[in-house]
Amino acid sequence: MWHFFHQLASPRYFYRFAGRILPWLGAACLLLMLAGLYQGLLVAPTDYQQGDSYRIMFIHVPAAWMSLFVYVVMAVSGAVGLVWRIKLAEIVAVASAPIGASFTFLALVTGAIWGKPTWGTWWVWDARLTSELILLFLYLGVIALNSAIEDKRTAARATSVLALVGVVNIPIIHYSVEWWNTLHQGATVTKFDVPSIDLRMLIPLLLMALAFKLFYLVVVLMRARCEILQRERNTGWVRELVEAP
Amino acid sequence: MSSAQLNRAFVVLLKRDLTLAFRRRSEMVNPLLFFVLVTTLFPLGVGADPALLRSIGPGIIWVAALLAALLSLESVLRSDFEDGSLEQLMLSAHPLSVLMLAKVLAHWLVTGLPLLLVAPLLGLLLGLSGDAIVTLVQTLALGTPVLSLVGTIGVALTVGLRKGGMILSLLVLPLYIPVLIFAADAVTSTGAGLPVTAQLSLLSALLVLALSLTPAATAAALKISLA
Amino acid sequence: MSSAQLNRAFVVLLKRDLTLAFRRRSEMVNPLLFFVLVTTLFPLGVGADPALLRSIGPGIIWVAALLAALLSLESVLRSDFEDGSLEQLMLSAHPLSVLMLAKVLAHWLVTGLPLLLVAPLLGLLLGLSGDAIVTLVQTLALGTPVLSLVGTIGVALTVGLRKGGMILSLLVLPLYIPVLIFAADAVTSTGAGLPVTAQLSLLSALLVLALSLTPAATAAALKISLA
Amino acid sequence: MNTDTDKPRLEASSLCCIRDDRTLFADLGFRLHGGQALLVEGRNGSGKTSLLRILCGIRMPDEGRVSWNGEDIFRLGGDYHACTAYVGHRDGVKLDLTARENLAVARGLGAPSETPLEDALEAVGLSGFDDAPVRNLSAGQQRRLALARLLVTRSKLWILDEPFTSLDRHGITVIETLVTQHLADNGMLVATSHHAVDLRDADIQRINLSA
Amino acid sequence: MNTDTDKPRLEASSLCCIRDDRTLFADLGFRLHGGQALLVEGRNGSGKTSLLRILCGIRMPDEGRVSWNGEDIFRLGGDYHACTAYVGHRDGVKLDLTARENLAVARGLGAPSETPLEDALEAVGLSGFDDAPVRNLSAGQQRRLALARLLVTRSKLWILDEPFTSLDRHGITVIETLVTQHLADNGMLVATSHHAVDLRDADIQRINLSA
Ligand code: HEM
Ligand SMILES: Nc1ncnc2c1ncn2[C@@H]1O[C@H](COP(=O)(O)OP(=O)(O)OP(=O)(O)O)[C@@H](O)[C@H]1O
Ligand SMILES: Nc1ncnc2c1ncn2[C@@H]1O[C@H](COP(=O)(O)OP(=O)(O)OP(=O)(O)O)[C@@H](O)[C@H]1O
Ligand SMILES: [Mg+2]
Ligand SMILES: [Mg+2]
């Protein structure tokens with residue numbers, strides 16, 4: 001087992017391993033996504049309060065979950081890269097940032113679209129909304145730093161430090177925003193709690209959540225493979241790969 | 001290295017930075033002027049209604065303080081980087097994190113402390129009550145060191161880049177948000193006659209946290225940027 | 001030099017600057033992000049009360065636009081100064097003022113225009129009405145070119161100095177005040193259902209004035225800084 | 001444009017330059033005709049660059065005047081600049097543009113010559129590097145590109161500050177050949193160089209600022 | 001501090017340095033004892049500065065390791081830095097402080113030696129300039145001040161990147177004497193220089209990176 005991980009950390013081995021499992025992961029992701037969408041859009045019942053507009057939930061909620069999840073993955077792999085100097089971990093951290101930012105953006109947009117029919121406004125300065133917005137800024141900072149540093153290795157390491165600092169701050173930001181909001185605002189329209197969710201809604205939600213996770217995995221593996229090729233473009237094995245028919 | 005030597009290194013560096021700041025006095029007032037200028041822009045932008053100004057005053061002053069801290073931050077490390085002194089600090093026998101703490105302290109004494117002194121004036125201009133002004137100064141005293149500490153990580157990450165300025169803001173501003181929230185809220189609450197111990201203790205907690213965690217992060221970031 | 005050649009020089013320089021900006025795309029979004037970030041700081045500082053935010057929204061957005069313009073300004077001339085291209089521009093056969101106009105235009109297209117595009121979003125965040133948002137975009141369209149034009153004089157004066165950033169703000173911010181006042185007032189008035197032709201014509205007048213006067217001033221300032 | 005450009009003449013009289021209250025040189029004068037070269041010599045910090053920038057019209061002399069065909073260069077302004085090309089300590093090339101794009105800009109800003117851009121690149125030994133971003137060229141190649149600018153505008157007077165910086169032996173020969181050619185075409189040269197300059201049998205004046 | 005400093009030993013094995021995916025050097029190794037000097041040679045851009053920065057511990061080698069008395073220098077950290085002094089391309093002096101203040105800072109940050117600051121200034125030929133802000137010193141004098149740092153801390157290993165930049169003939173002799181003295185005291189030297197270095201009959205190793 002340990003041997004397997006050790007091997008996996010070598011870029012060359014990882015490149016081939018990821019290449020082999022990618023099609024399977026992609027297929028699984030597609031299947032889950034189709035199943036989730038089918039269940040969510042066609043099988044799940046209409047909500048008695050919100051009508052059909054709630055169905056955007058099947059995108060919104062998984063995207064919002066992923067936005068946090070990816071940040072944590074990014075910070076953890078950044079930390080691993082910094083402490084044990086594993087190149088692969090740095091690469092995963094760097095490759096995750098744009099994906100996480102996209103999920104965050106998606107959550108914001110779908111949330112806003114959902115907000116219009118439910119609350120009558122695109123945006124309120126609610127705690128959760130605000131912290132999601134700040135999360136987007138954190139992601140963008142990471143991406144900006146990474147593209148500003150020309151040396152790829154330095155960039156990856158600097159990015160990892162920033163991601164770590166950010167992850168320490170995420171809970172602080174989260175609670176401060178929550179607290180700010182309860183102090184400033186009276187009762188808000190933004191009560192997310194869905195007391196007891198219908199099973200026919202829960203299943204597609206979970207399906208979609210799983211599909212999103214797989215989607216992230218697929219994209220991060222693809223991006224990491226690209227990055228590896230670029231970084232190692234002068235090594236023998238990449239040359240062989242390129243020259244091979 | 002003995003801890004007496006470490007202490008001495010800390011003091012030497014602190015004194016060095018303060019001397020340097022003093023020799024360039026005219027640049028010292030810049031963050032202060034910026035702070036005042038930005039604060040005065042708002043009444044021009046939102047209109048002069050006193051009640052309105054009073055209610056947004058704390059937020060405005062704090063946002064201006066944030067921006068002033070941000071813009072003065074570059075100077076913490078930039079000139080040391082350019083003349084090669086930063087390499088020398090890295091190669092000193094002492095932990096880089098402690099040396100960075102000395103530099104941050106110097107930066108705060110030169111740019112943060114003056115904000116405390118001029119803030120009451122701005123508070124008066126925006127019609128804050130006496131109590132609110134006291135809280136304003138308290139929050140600045142607790143909050144601006146956090147800004148300096150956290151911001152220095154960002155500077156350390158970007159010190160080798162040509163166009164540091166704008167990227168620095170992107171990295172650092174989101175991290176400043178908790179300070180902004182607690183501090184501005186404390187001042188507003190005082191204005192409304194509410195107790196503010198909670199906010200002040202939260203700010204103190206942030207300060208302690210920043211003091212204990214950021215120097216190491218800054219040192220790590222610097223080692224990466226200089227390599 | 002014939003005026004055809006002058007036209008060609010203008011286009012060549014404009015195209016050069018746009019190409020350069022495009023080659024460093026990732027830096028292009030920075031002013032935009034800064035604009036959005038600063039705007040979102042305010043609700044966090046002053047509280048989330050929608051009515052309050054609506055009333056101060058125009059002022060906030062405009063102050064943020066001012067600061068974003070300010071911070072992006074350095075890049076107009078700094079890199080040309082550092083690699084020696086600025087000398088070459090001075091020594092070209094064409095009037096420096098016209099060349100500067102090309103550079104300012106490029107700067108505005110790259111940093112000012114995007115603000116126009118994202119401003120409606122910020123307007124929505126702060127709860128401005130549809131009409132107010134339209135006026136907001138109009139004022140930005142008239143006002144941000146003035147910011148670029150006037151700011152470039154400041155950059156030209158400080159381009160040779162090491163610590164340009166902070167001094168630049170002190171020079172330039174006071175000059176920005178008229179734009180801020182008219183523009184923010186126009187947006188606020190629209191929100192209150194009042195006519196705004198007066199403000200918009202004043203802004204247009206400022207724009208014409210800036211277009212006709214600032215290029216010469218920038219050229220003169222540059223000649224002084226480079227000597 | 002001046003009709004007199006066929007027999008150009010650069011004159012300086014009683015020039016004086018003061019920096020930080022140190023007089024770098026005073027009462028300096030010379031007269032240069034088409035086909036002649038002026039080499040400015042002197043220690044580090046003796047004021048060579050300052051003199052060249054005065055001759056370009058970037059800097060005002062603290063005393064004295066510079067004239068081109070008898071007219072003050074500050075009076076002439078753009079008309080003078082149309083006849084001169086300056087390559088300073090800094091290359092003045094944009095690292096994010098390609099070699100060809102850089103030359104196209106230089107040509108667009110001056111009085112264009114007939115030389116195609118490719119020929120100019122070839123003349124300085126950069127053919128094949130047309131479309132690489134200049135950032136990826138070595139320091140010496142960047143210097144060659146800066147010097148290629150001299151060929152894409154119609155300039156009678158070349159003002160070169162340490163043109164041979166970062167050039168290897170071959171690069172130096174190339175530039176010397178270009179300059180000799182330029183002088184033979186009735187052009188003029190003002191240059192500084194810490195290296196010895198071999199301009200064959202050109203008509204050379206020298207000024208030493210350390211003397 | 002390490003008790004072994006009396007017979008110090010610097011070892012590097014299979015060092016490799018890659019910049020922008022160009023391998024500057026690979027599989028480089030050497031062993032240096034007290035009293036020995038290592039001169040690193042090579043063309044511009046061949047990686048001399050990069051090697052020195054790796055030996056200082058500023059930069060991680062892409063492969064290989066550097067050890068001091070048998071221990072990895074990254075493990076040793078501050079203990080290694082206490083034994084080394086580095087003067088790089090950039091002087092690392094603050095222009096707004098006086099010469100003496102600069103030295104005082106350097107001493108405060110390292111392991112102080114017994115040499116009084118005045119003696120260190122005198123040794124590099126700067127006596128009389130103690131209290132002038134460094135901004136008013138010439139480039140060569142600033143370089144001397146940077147080198148005076150070597151004397152105010154107890155460092156066994158001196159790492160000097162182009163120490164003779166901007167020094168005049170006399171300055172070079174002064175520094176050569178200091179280095180010879182340091183080697184005679186069982187010190188060690190790693191240096192790059194485009195000039196020939198005259199260390200009399202010291203024990204010298206050479207590495208050429210362009211080879
Ligand atoms: C721009 C607007 C919105 C943003 C930024 C946003 C953001 C988020 C975030 C970050 C989460 C994940 C929270 C967590 O897992 O801790 C979430 C979950 C959720 N959101 Fe939104 N949201 C928005 C609008 C809405 C609207 C309008 C609704 C429906 C009325 C809604 C319903 C939900 C639900 C039901 C969840 C799942 C709750 C749970 O995990 O317990 N959201 N949203
Ligand atoms: N921007 C400046 N401000 C003040 N003084 C300056 C400036 N630039 C140069 N000087 C001073 O003017 C003097 C002459 O500088 P100049 O650049 O003309 O010398 P140079 O002869 O070209 O030297 P080099 O051989 O190093 O190129 C120097 O002593 C320098 O200190
Ligand atoms: N910050 C950097 N980022 C990327 N590459 C760099 C950086 N600094 C130097 N290099 C590259 O590394 C190579 C070696 O540089 P280094 O400074 O080690 O050379 P050197 O041998 O010291 O040269 P010199 O004689 O000019 O001092 C150069 O080709 C340079 O292009
Ligand atoms: Mg010169
Ligand atoms: Mg070097």
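Each chain gets a letter, A, B and so on, in the order its sequence line appears, and its residues count up from 1. Atoms considered below: every heavy atom in the structure, side chains included; atoms not considered: hydrogens, waters and symmetry mates.
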(Q) Quick check for you: to the nearest 0.5 Å, what is the distance between S169(B) atom OG and N30(C) atom CG? (A) 8.0 Å
Q | Engaged part of I177(C) at the chain B interface, taking heavy atoms whose separation is under 4.5 Å | A | side chain
Q.
Run the side-chain contact (heavy atoms from CB on, under 4.5 Å) test on F42(B) and F42(C) for me, step by step, so that the C-alpha distance in whole Å, both residues' side-chain angles and the decisive distance to 0.1 Å come before the verdict.
A. CA-CA 11 Å; F42(B) 281 97; F42(C) 282 96; 2.8 Å; yes
Q) Are side-chain heavy atoms of F34(B) and L173(C) found at a separation under 4.5 Å? A) yes
Q.
Which one wins on heavy-atom pair count under 4.5 Å against chain B: L41(C), I181(C), V38(C), T40(C)?
A. L41(C)
**Q.** Region of L37(C) that comes under 4.5 Å of a non-hydrogen atom in chain B
**A.** side chain
Q) By a 4.5 Å heavy-atom criterion (distance strictly below it), what part of I61(C) contacts chain B: side chain, backbone, both, or neither? A) neither
**Q.** Side chains of V63(B) and L44(C) in contact at under 4.5 Å (non-hydrogen atoms)
**A.** no
Q: State the CD1-CD1 distance between I56(B) and I56(C), to the nearest 0.5 angstrom.
A: 4.5 Å
Q: I would like to know whether S55(B) and L52(C) meet side-chain contact (heavy atoms from CB on, under 4.5 Å); could you show each step before the answer?
A: CA-CA 9 Å; S55(B) 74; L52(C) 181 69; 3.8 Å; yes
Q) How close do G45(C) and A184(B) get, heavy atom to heavy atom, and via which atoms? A) O-CB, 3.2 Å
